[in-house]
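Note sheet for the following structure.
Labels below follow one simple rule: chain letters A, B, ... track the order of the sequence lines, proteins then strands, and each chain is numbered from 1.
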Amino acid sequence: MGTDKLQFRSIDPSKLPKHFDAPEAEQRWDRFWEERAIFAWDPNRPRDETFVIDTPPPTVSGSLHIGHVFSYTHTDVLARYKRMKGLNVFYPMGWDDNGLPTERRVQNYFHVRCDPSAPFEEVLEVEPASAKQRKSHPRLVSRPNFIELCERVTVEDEKAFEGLFRRLGLSIDWRQQYATIDRHCRLISQRSFRDLYEKGHLYNRDAPTAWDVDFQTAVAQAEMEERSRPGAFHHVEFAVEGDTGRFVIATTRPELLPACVGVTAHPDDPRYQDLFGKNAVTPLFRVPVPIFPSELADPEKGTGILMVCTFGDQTDVQWWREEGLALRQLIGRNGTLMPVAFGNDEFPSADADAANRYYAEIAGKGVNQARKLIVELLRDPDGAAAVGGGAPLQAEPEPIEHNVKFYEKGDRPLELVPTRQWFVRLLDKQSALLAKGEQVQWHPKFMYSRFRDWTEGLNADWCISRQRYFGVPIPVWYRLDESGVPDYDGVLVAEPERMPVDPTTDVPTGFDEGQRDQPGGFTGESDIFDTWFTSSLTPQIGSHWSLDAERHGKLFPADIRPQSHEIIRTWAFYTIAKAMLHEDEIPWRHVVISGWVLDPDRKKMSKSQGNVLTPMPLIEKFTADGARYWSASARLGTDTAADEKVFKVGKRLATKLFNAGKFVLGQTAEVHPVQTELDRAFVAKLRGLIERVTASFEDFNHAQALSDTEAFFWTHFTDSYLELAKTRARGEAGDGEAERGSAVASLRLGLDVLLRLFAPFLPYISEEVWSWAFAVEKGESSIHRAAWPSAAELDGFDAPATEASFDVAVACWNAINKAKADSEVSMGREVEALTIAADAETLAGLEPVLGDVLAATRCRAHTLAADASVEAGSFAVREVRFAPKPD
RNA sequence: UGGCACGUAGCUCAGUGGUAGAGCGCCGCCUUGACACGGCGGAGGCCGGCAGUUCAAUCCUGCCCGUGCCAACCA
């Protein structure tokens, strides 16, 4: 026979290093994958063979933190699994460089501020600012120069991110890269605007809008957060016009008193029945304002009657609209009290001189300072609303803790400032949005409730304009009438073919540059889009929506959207909204939500607490596979502590694979089929593992898949099967070549299958061991392109007499090991003789695997004893005599 | 105040309507021809509390307590 001379493709273990050099291997394999384009998406394959990932574009101006490792690994594990399943994986990478975080970073880094009126400098020379420079005033640079600096910084930041992601082994197709500020994204984003405009989903409006006084830009509902802040109730006495009546309102914002435009109480409140319809007079400023009833006033709160100002909060806006109240805007865009004069139609007063005197005290001040000052003014009896009323401030302010709305990136409370803004109409589409959200499958399921709660609680349309610089320009111009006033209804939207445009430098069709800002001409919109307006298009950015119908058809909707839960209300929500508004579609079939990374003490990581972990040192210390192991051990949606112990376990697992691979592939033997009972039983067990792990992956449960694979590898493979088959594999058991070949064949099969099951989690070590022999043997140079193990693969193997053979062998081996441990002898000590007791049935089951057990335990002579008192399936070892310890 | 999630060994976490699991840590032993970046053995838990459903509850239901997140309350 010619075949019995055929040898397994083995390796010489002595030529391998003693220890796995992970840092070296990580760089080597990253290059290999890149050169061979292992992760390249093939545009020619059909949609049903494609798996599309809508990758989160990280904010590159933010610092790298361990959370990036965590959630991106979750995605990558799935990507690698799907690729091995034979799917054509589309796995792009985007960088979110657009917007405020970058601006802020540039401002700090170079110590500059953007001043649109500053002259453009052809060659801008700026260096990172020194501590000394930071003490002086920031340098003012033009908008184009500022944008140039933003681009300079983001290029550097992107490199850092790419470096991390490559080192981590993310199987990204780096040819599919985008940045949310690049030409392609500006184009898609502006086309999105045009499409929404044509469909009637957009409007612009001059109205009170949430405004950050530091960034000096409007902010959307989704970007607000509430922070608990100390405040105080101030009780202030008002008078009634033409009457002797007085009443006391309670307010936390006394500085808005000059902006008081009305007073309201609940219509059923018996205390204030006779006031409705009359005018109140404010103290200090003596402004007459209407008193009206409103269901929104709560008789239980404060004194039950309150002042309405332009604008203290959202309810003020509502009252202002519904009651048609005056507009007395006090707080300017920079957060200080604007100069106003009393004694005219806008700011009427019964005593303008006094009003102006009081106001002069607080004009130009910031909100906090103005509040302190006005409290003092309210102590002045002369300031009473009615003659002889005494000091308007009743008693001392009563301190309270209350929640105040902030821009999530801001440092001072939001103000409501009337400004012209663009909005996407969403409030009228809540139920349609909910239906779309329901069509998407959320993993874990309960995360849908976050989306639902947010959508149901929506209280404002989406404000998409920002008064900033580094972002996608809103592609519109406005006609100017003969007196130079913009016509905000006659909007000139750029044509799709001309996009992307910058209306501050490009000219609308039919006009020329000379007409810019001239009466009868046009003016360009200088606002940019909210970052989310672009980020909400990542599926379309990848699919080239509106540019390439064929590609779009293959890549949209995407299969999965991985993201974390805190941005469900922004990124997930807006993306669902866009897909619905553009094509009445869902943007992806599944949303895969990662939890948060907590610090080792299970506290939320935050910069202010200084407990943020940077990823590279952890990767250096525990290897990329170790870091991935930690990430992948966490179930979706579960907040997870960055516990070094878990990283360590991952690193240890990779080492174990290295060593096990070295042993298994180091065995030389003739090629024979798997035929010995123990080997067949092992293969049967392996089949069960493949089925369970595959099912877990299909169920988006990567953590279970990893845990099952790891447990099998450690418990069944290295700690038992490998030990039991070892002697036979080495040909030391005195069996024939067929038995030896069987052992080696099944050891290799076990290694082969386990490596492939581990490959999505531990791409480096699995590729390394794969490369030693399987790459050539299987004709697949990268394990990451190898077929995912299937039960069908094992169909050609003969079944064992009974699958229980494996467990019986292990139970007996464990019992003998325990006897050795109890006698404190090494596991390698030879046994001269022992008695193995078990019930008759168990004993019979042991027979076909007994040889391997005796060989593995180095047992020279044995007696089998049937003993019904021993529990079925287990063994008692008696009358053990150990050989003397060899010299 | 409401919604969601979580509460299991010292720590980090799995898990199941039928005698409770892993890793780390701890204790004892073993320098074994893949691996001391190992191996073997062991100790350690009224599965947050109280009720209910069930033959049987750590698991299902209700209430309570605690933790986290989200949202509301913001005069």
SB check A:E710 A:K656 (cutoff 4.0 Å): no

Length of the line joining A:Q221:CD and B:A72:P, which is rounded to integer Å: 7 Å

Separation of the P atoms in B:C6 and B:G45, to the nearest angstrom: 26 Å

Spacing between A:D599 atom CG and B:U12 atom P, to the nearest angstrom: 11 Å

Mate of B:C24 where both pairing distances stay under 3.5 Å, Watson-Crick or G-U: B:G10

Watson-Crick or G-U wobble mate for B:U16, both contacts under 3.5 Å: none

Pairing partner (Watson-Crick or G-U wobble, both distances under 3.5 angstrom) of B:C47: none

Atom C1', compared across B:A57 and B:C50: separation rounded to whole Å: 14 Å

Sub-6.0 Å ring centroid separation between A:F663 and A:Y721: no

Sugar-phosphate only, base, or nothing, as touched by A:A297 at under 4.0 Å among non-hydrogen atoms: base

Interatomic spacing from NE2 in A:H702 to CG in A:L636 - rounded to 0.5 Å: 5.0 Å

Side-chain donor or acceptor of A:Q318 paired with backbone N/O of A:Q314 under 3.5 Å: no

B:C29: pairing nucleotide in any strand, Watson-Crick or G-U under 3.5 angstrom: B:G39

Atom C1', compared across B:G49 and B:U58: separation rounded to whole Å: 13 Å

Touch class at under 4.0 angstrom, heavy-atom based, for A:K648 against every strand present: sugar-phosphate

Closest-nucleotide 5' rank along RNA chain B - winner of A:W319 and A:G828: A:G828

Nearest-Å distance once atom P is located in both B:U1 and B:C60: 26 Å

Ring centres under 6.0 angstrom apart (A:Y407, A:W211): no

Sugar-phosphate, base or nothing in reach of A:E710, heavy atoms under 4.0 Å: nothing

Whole-Å gap separating P (B:C27) and CD (A:E824): 16 Å

Between C1' of B:U12 and CG of A:L598, the distance in whole Å: 12 Å

Side-chain N,O (A:R569) to OP1/OP2 (B:A71) below 4.0 Å: yes

Aromatic ring pairing A:F622/A:F647, orientation class (parallel under 30°, perpendicular over 60°, tilted between): tilted

Interatomic distance, A:D298 CG vs B:A72 C1' [rounded to whole Å]: 14 Å

Any side-chain donor near an acceptor of the partner, A:W319 and A:T264, under 3.5 Å: no

B:U32 to B:G39 separation - P atoms, rounded to the nearest Å: 15 Å

Between CG on residue A:L433 and CD on residue A:E456, distance to nearest 0.5 Å: 11.5 Å

Gap in Å between the two C1' atoms, one belonging to B:U12 and one to B:G7, rounded: 14 Å

Heavy-atom protein contacts under 4.0 Å, nucleotides 1-10 of chain B, coded B base, S sugar-phosphate only, - none: --SSS-----

Validation row, ring centre A:W813 to ring centre A:F875 under 6.0 Å: no

Interatomic distance where CG belongs to A:D639 and C1' belongs to B:U12 [whole Å]: 14 Å

Complementary nucleotide of B:U53, counting Watson-Crick and G-U pairs under 3.5 Å: none

Whole-Å P distance, B:G17 and B:U61: 13 Å

Partner nucleotide, any strand, of B:A5 [Watson-Crick/G-U, under 3.5 Å]: B:U67

Any donor-acceptor pair under 3.5 Å from A:R271 side chain to A:P299 backbone: yes

Plane angle bin for A:H235 and A:F233 - parallel if under 30°, tilted between 30 and 60°, otherwise perpendicular: tilted

A:R227 CZ to B:A72 P, straight-line distance once rounded to whole Å: 15 Å

B:A9 versus B:G44 - spacing of their C1' atoms, nearest Å: 6 Å

Reading 5' to 3' through nucleotides 34-42 of chain B, protein heavy-atom contacts under 4.0 Å coded B for base, S for sugar-phosphate only, - for none: BBSBSSSSS

Gap between atoms OH and C1', on A:Y629 and B:C13 respectively (whole Å): 10 Å

